[in-house]
Amino acid sequence: MKRIVPLWITAIVGLVLIISNFLPGTRSWGEEATTWFGIIAAVAFVLGGGSLLKVHLKKISDRNSGWAYSMIVLGTFSATLAVGLFKIGVSPNPAFPDVPWSGDVQGQGTPFWWVYEYVFKPLTATMFAMLAFYIASAAFRAFRAKNFEAVLLLGTAFIILLGRTFAGYFMTSWIPVDGPFSGLRLEELSVYIMQVFNTAGNRAIIIGIALGIAGTSLKILMGLDRSYLGGGD
Amino acid sequence: MKRPSSLLQTNSLLAMLTVMVMISGAFAAPPAPTDVVAEDLPADGGGAAVVTWTIPEGVDGLEGFQVWRTETVSESTSRVGNERGAALLAIQNQAYANEYQRLVDVEGVAPEDASMQARAVARQAVIDQRTSVTPTETGPHGRFWVLVDTVSDDTDRLQVGKLSPSDEYRFMVYTVAKTSDGGVEKSAASAESGMVLPVASGIDVKRLPLFFILALLCGAVLFFIYWARSGRPITIRKIAGLSAVDEAVGRATEMGRPILYVPGIQDMDDLQTVAGITVLGRVAKTAAEYDARIEVPTSRSLVMSAARETVHSSYLAAGRTDAYNPDLIYYVTDEQFGYTAYASGLIVREKPAACFYMGCFFAESLILAETGNSVGAIQIAGTAMPSQLPFFVAACDYTLIGEEFFAASAYLSGQPDQLGSLKGQDMGKIIVGAVLIVGCLIATAAVVTGSESLMHAVDWFKGSVLSA
Amino acid sequence: MNRQQLTLLSIVGIFVILLVARAFTGNGFGRIYVERGDASFVKVEVPVLDTPDGEEAEGKADGVRWTWVDASSDEAVDFAKAESPRAAWESVTPVSPRVYFEATIANEALQAAAETAYAGAMTGVDLGTALETWRLALLEKANAVAAGKAQPAVEVNWAALRTAGFTRKTSISAKAGGDFTASLDAIFDAARATGESDAETTFVVADGRGTVTTTADDVVPAIGLSWSRTIGLWLAAIFTLAIFSFLYKDNPLYKTAESVVVGVSAAYWMVIGLWDMIVPNLLGQLAPGFVQGNLIPGLAASDPNWAYLVPAIFGALLLMRLAPKGQYLSLWTLAFIVGTTAALRMVAYIEGDFLSQINATIAPLYQEVVNADGTVNGYSSFWASVRQITLVIGVLACLTYFFFSVEHKGAVGKVARVGIWFLMITFGAAFGFTVMGRIALLAARFEFLFDDWLWLIDPMNQRSAAVAVSCLF
Amino acid sequence: MNLIDRMANLDRRWIFLMMGLAVGIPIIVIGITGKTLPEEPTPLAQAAFDVLDDLEPGSRILMAWDFDPASEGELGPMATSFIRQCAQKGHRMYFIALWPVGAQMIRSSTSRVIGGYYPDLVYGEDWVDLGFKAGNEAVIKTIVTDFAQYFPTDARGTSVDAIPMMEGISSLANFDAIVNASAGYPGSKEWVLYAATPLKKPLIVGCTGVQAPQMYPYVPNQVQGLLGAIKGAAEYESVVNKWVRSEQMLDALESGGITEPASSELAARFAANPSEASTWTTEAAAAAMSPEAKTRLIELASAPTPGIFLEAQRRMGPQLVAHLLMIGLIIAGNAIFFATRRRGGSQ
């Protein structure tokens, strides 16, 4: 029972969605299923919040090391949740001022927006920006021209790095634009690499992945691959 | 700074043309097409109809035909609504202007007050006259028509797309001919066609090639799965990097440091995560045998439970259920960088001896791999994300590139299903190679020899088989 | 001193120098100004124009409709009655510091001018001429004051402004910001017409001298510092630096920032999921009346669609994962999710990736490039053909590398090796592009620190250029 | 410990510092001088511009903003320029987001561009913000055939039935083009697979540098215009800026009484060389122009482009220095690697 029901759900949903591509009469079934999927995806956000709460509450009650940080997580979590769920400080929708809950919780000036603008945004953006530093460090310590393959990788990277800035233009601007060697200008060369070599490599990867996805999807829908239910079989 | 909509221009142009046509048509209009028939396009996805007609005989200077269709209910509603709105607005403006003028000139009311009173009067005028405004609803045959398309003089058939499958349509056709003085004239409207409902049919024929190709690829996979299940051997080429798993786990045991396993940051619906969990099963089993501690922070709660079950069964298989600690497999956060920050912090704090990154990765790949590198861990990565491969290739000891990752998962699991499907996919690649070689050669031959039939063959193949 | 300390010192030092330099030059930094106003609405009955005949939608009976309008709109002036329902709240609009500075300069100029009394005779007979002369004199003085203000002053003497006759509308508003001539003219125009500009501000001619007085005692400045946003900006800057501090070393500040981002993001996603998806798309189908009446009044009311009980149940099952028992039930939902994505991807990847990519690769190996005059360009044709041949060879070689059924030996091995070369070039290109992207992101963060927070640079022209440069040199 | 050893064990924080300076200093220099490096558009950026330019004014453009603040550095300038081109051209814009934070990205880019520079565009008639919907590719798959199923209201809670520009929109097929700014999944790849390929709609993609290489194979059959990373943004930005300036000059010339063919020719000429406009207006041919139109023309020619439309071009400065640093670091790292290896081998 624990295994059979999910397998049937997967198979039925999958079958409906696949045939809705080919039998126009069943198209609306597919639409319903994908809309439900979106709703469930939104519920998954709630699940994410709930799991977070559970994990950190446990950490605090166990007095695990770093439980103070769990307090911070819980504190910011509940504060954000409160201002968002209860629409604290949100003015009503100007078209319906008599409905107090009609306001836009993400609108500029609301406390929820404040959390986004001054906490969420700088934190996530800075986390991402740190990559520039790591990439520099990796360049110095990890990218070695160990063999021919690595030389190809690094050489291509150099051409792209130079060709996509003013430096590339500056270095090879002496090559005439309409002469037979115009293709050697770095900005031209980088375009050529992208459109031929990169396209060829990525095309093979894309075709391979498409086959892999089709194969795996098939196994999942037929119940041959049950790893998503946990466990190997 | 919007330029005037050219739609308006075309409309007025059309109106002018119609007027011109009407004027010249008064002299000697060409005969209208006959036998106008409209039918639903068979075997399609709905929303298309075919209109046919008979070309009238002996028309001098025949230019082509105009096909018109009836409005749908919603088109009529919105047109009527707009026309009524415009009419009422005109009434309101007129009433306002009259009343304002009267108040200011005759009664000598101050402008501000006059404007206020006039607006009230204008408002009442709208309310009073709202029922008296009836928009026009005329055209040939007592209907309102929409121009669909104009076609050339030798055409007697038009496939009309972009119709609504839930609305009924009628069609009519005009003959357009050149007059002797160089102008253009239009015939009277043809008789209208019967009602047609462009419904979707049972099967969309245009998409059948896609269905067959899908069936072919799936068939190959299924065939080899059953082939493998029947016990026939399936060889998979050696995948460098897999043998390193034991080495890495062994080293972690020696050093007494934990193993970090990151199954990507996507949910269980991503196949890479599934493959990552499969590999986790193997790594956990080895870890259980070696008695090494394996820690799995996950970015999705579903992945957490899948990972727990997988690791649990691995420990079970290794006979070490006592050592299984579900608390080491836990959910952190869905947020990409919240998760990355946690995981990289963990690496710095716990200094794992081996790090596995198997799954779907985005920007965090570099942070994780670089941080892992800085604590001197053996790192093994596997992902099908092409953008992250250069970093794993550079910063990890072994990397499973793209499909190699899926192959490794199949290889590790040793299940006939996995191996068979891998073989089936290889068949797909053979098909791709063959089609590419043959296709390119034929296309080249077509260009070099200039053969029309070869060119048509290539175009047909590309147009209807490869783009369903 | 070891190298670690030196590094730390360098990083901290650079920021401290920047901070100190900013703090002691120019006119402050890291502030956000807003203009406060009233958003007030009134419910009125207005005529409906665009309902098609015979359709009487709810609330649209008799050709009129009850609707909320802005209290200052024409409809409100025409149709509002004393008993009409009203609602109001404070509206806050951010303005760039430049607007604030310009308004301040303008107001100072205006104030200086208005404080200068008219020296000549001012009698009822030639009041008009006298006023005009005075106006020109004041304008000249105001211009001189404004011209001397290369550096905007930050302190605003509101008391003085009040005495000078400023109300919120005539002086400091974003619209009139910087244009003191307009403000002055408004006062004078009022003075000419009635001797009174509004109820509170009066232009008085007494003893042959003109003065502007006001009786208003609580004039609220429209543009001013927003404390909540300014604190927010500083918090954002501190968080930014806290994350960067990890580059030096893991530390409590970073861990705090990390915890904050974990907590905030989980809650953020939950809130968005609820208000943007669950409420309109699920509750809006199951309980349209409730949602329309209380949460989304703009939603078209309809009958409940009970089919949506299915996703509701699946959603509830998913949440069973949090419950102590019956967690296996969440697998049902998982099965739905997995089944949907697997089916969607199977078809889309075969159609959009597999077939379309084969389609794009099939092309004549010999590419003819024709010149404008119709002749074949041999040189270009050659390179175009080479390009196409390379592309096809590359795709085939890379596919061979991803072929798992055969050992990479002999001819297959050689082709696979060519495939690896193509892949490495591909990865090199990916590497180059990724570097590119990462640096742009860092640049954006630095721009935030230097522009929004420290006011070192001013690319958006939000403050006067003089302020930015003066702090550096 | 000799130099090579010391370099090989160089604390990575020194590299971090170098990177920080390589990015930070150019930003300050460019911020103060206001100078940017010249940009030559590549065919892909030009193609992106042409697709939107070739559509009739009033076309319906779906603007899918699938990114978050983390990628705003790269995609923000693209979003800005996309909106600018569509607003100037008079296209109708429909914004949607598949990322939870995308809704905020829509708000910030529309308020910056439409609020700041095209205030005469009417919400609900010229542009509409439909907000975020959960479901990733399922959203795209659904709206390909049924739009209202996923979007019963806009982001402000107004029913789509009450929004004038939503009339006649029942599915993605009703749009004339799709513009996507994407930072990952779901994003450009999903729009290619689920929308552009089955519907055969023009798709313009602005994506992060990370995604760009994978999008190249789709050009030009499945993706018509591709902007990759900040370089793509800078190129497109410069094309749009030039075009907007010439459009504005065209308006000034036409309103000043210059006949249509002459004015478009002149506008193109002045856009290429703005300083010419001020000298040209003294010529005899300009006599027909009204003085107001003349002043307006000179103003347009000499006015600097607003800062928000130069964001990407400004960022190319730090980009250049940082790229050179990266190349230097790789070469230095390899030099040290080979030096230590050789010595290690000789021992």
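First the proteins, then the strands, lettered A, B, ... as listed; each starts at 1. Note that the coordinates shown come from a computational prediction; the quantities given were computed from them, not determined experimentally. Below, each value reflects all heavy atoms present in this structure, side chains not excepted, and no hydrogens, waters or symmetry copies.
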Could you check which of Phe140(A), Phe128(A), Tyr134(A) has the highest count of heavy-atom pairs closer than 4.5 Å to chain D?
Phe140(A)
Options Ala95(A), Gly201(A), Ala157(A), Ala136(A), ranked by heavy-atom pairs under 4.5 Å with chain D, top entry:
Ala136(A)
Based on non-hydrogen pairs under 4.5 Å, which of Ser102(A), Ala125(A), Ala138(A), Ala44(A) is most in contact with chain D?
Ala125(A)
Taking side chain as everything from C-beta outward and backbone as N, CA, C, O, which of these in Arg27(A) sits under 4.5 Å from a heavy atom of chain D? Side chain, backbone, both or neither.
side chain
Working to the nearest 0.5 angstrom, can you tell me the gap between Leu153(A) CG and Ile330(D) CD1?
9.0 Å
Taking everything shown except Trp101(A) itself, do over 12 heavy atoms lie less than 6.0 Å from its CH2?
yes
Under 3.5 Å, is there a donor-acceptor pair between the Glu32(A) and Gln149(D) side chains?
yes
Intermediate values then yes/no, side chain to side chain contact (heavy atoms under 4.5 Å, CB included), Leu324(D) and Leu162(A):
CA-CA 8 Å; Leu324(D) 293 177; Leu162(A) 290 174; 3.9 Å; yes
Side chain, backbone, both or neither: which part of Glu72(D) has a heavy atom under 4.5 Å from chain A?
side chain
Less than 4.5 Å apart, any side-chain heavy atom of Val139(D) and any of Phe37(A)?
no
Determine, step by step, whether Thr145(D) and Glu31(A) satisfy the side chain to side chain donor-acceptor pair (under 3.5 Å) criterion, reporting the C-alpha distance in whole Å, the side-chain angles of both residues, the deciding distance to 0.1 Å, and the verdict.
CA-CA 8 Å; Thr145(D) 47; Glu31(A) 282 167 16; 2.6 Å; yes
Spatial distance of atom CD1 (Ile143(D)) from atom OG1 (Thr35(A)) [nearest 0.5 Å]:
11.0 Å
Let's go through Leu154(A) and Asn334(D) carefully: what are the C-alpha distance in whole Å and the side-chain angles of both, what is the deciding distance for side chain to side chain contact (heavy atoms under 4.5 Å, CB included) to 0.1 Å, and is it a yes or a no?
CA-CA 11 Å; Leu154(A) 293 180; Asn334(D) 277 292; 3.9 Å; yes
Just so I understand: if I count every heavy-atom pair under 4.5 Å between each of Ile15(D), Ile331(D), Leu10(D) and chain A, which residue has the most?
Ile15(D)
Looking at Ala229(D), Gly135(D), Gly228(D), which one has more heavy-atom pairs under 4.5 Å with chain A than the rest?
Gly135(D)
Apply side chain to side chain contact (heavy atoms under 4.5 Å, CB included) to residues Gln108(A) and Arg107(D) and explain how you reach the verdict.
CA-CA 9 Å; Gln108(A) 207 182 49; Arg107(D) 278 155 212 256; over 6 Å; no
Provide the closest heavy-atom pair for Thr34(A) versus Tyr150(D) in the form atom of the first, atom of the second, distance.
O-OH, 3.0 Å
Evaluate whether atom CZ of Phe86(A) has more than 12 neighbouring non-hydrogen atoms of other residues, nucleotides or ligands under 6.0 angstrom away.
no
Max heavy-atom pairs within cutoff under 4.5 Å with chain A, candidates Arg13(D), Arg156(D), Gln214(D), goes to Gln214(D)
When only pairs under 4.5 Å are counted, which of Leu37(D), Ile336(D), Leu17(D) shares the most heavy-atom pairs with chain A?
Leu37(D)
CE of Met194(A) to CE of Met215(D), rounded to nearest 0.5 Å, is 11.5 Å
What part of Tyr116(A) gets closer than 4.5 Å to chain D, counting heavy atoms only: side chain, backbone, both or neither?
side chain
For chain A, which residues of residues 18-26 of chain D have at least one non-hydrogen atom nearer than 4.5 Å to it?
Met19(D), Gly20(D)
Over 60° means perpendicular and under 30° means parallel, so tell me whether Phe16(D) and Phe133(A) are parallel, tilted or perpendicular.
perpendicular
Rounding to 0.5 Å, atoms CG (Leu161(A)) and CD (Gln319(D)) come to a distance of 9.0 Å
Measure from the side-chain N and O atoms of Tyr169(A) to the backbone N and O of Pro38(D), and report whether any donor-acceptor pair falls under 3.5 Å.
no
Can any side-chain N or O of Asp104(A) pair as donor or acceptor with the backbone N or O of Ala155(D) at less than 3.5 Å?
no
Looking only at heavy atoms and a cut-off of under 4.5 Å, which of Leu193(D), Leu329(D), Leu325(D) has the most pairs with chain A?
Leu329(D)
Spacing of CD1 belonging to Ile206(A) relative to NZ belonging to Lys189(D), to within rounding of 0.5 Å:
4.5 Å
Shortest non-hydrogen contact from Pro69(D) to Lys121(A)?
CB-CG, 3.4 Å
Rounded to the nearest 0.5 Å, what's the gap from CG on Leu17(A) to NZ on Lys141(D)? Could you check?
8.0 Å
Mark yes or no for whether Arg12(D), through its side chain, and Ser137(A), through its backbone, hold a donor-acceptor pair below 3.5 Å.
no
Checking Gln104(D) side chain against Gln106(A) main chain: does a donor-acceptor pair fall under 3.5 Å?
yes
Looking only at heavy atoms, which of residues 40-48 of chain D get nearer than 4.5 Å to chain A?
Thr42(D), Leu44(D)
Can you list the steps and then say if Arg203(A) with Tyr216(D) is a side chain to side chain contact (heavy atoms under 4.5 Å, CB included)?
CA-CA 9 Å; Arg203(A) 211 162 253 180; Tyr216(D) 270 84; over 6 Å; no
Max heavy-atom pair count under 4.5 Å with chain D, selected residue of Ile205(A), Asn202(A), Ile160(A)
Asn202(A)
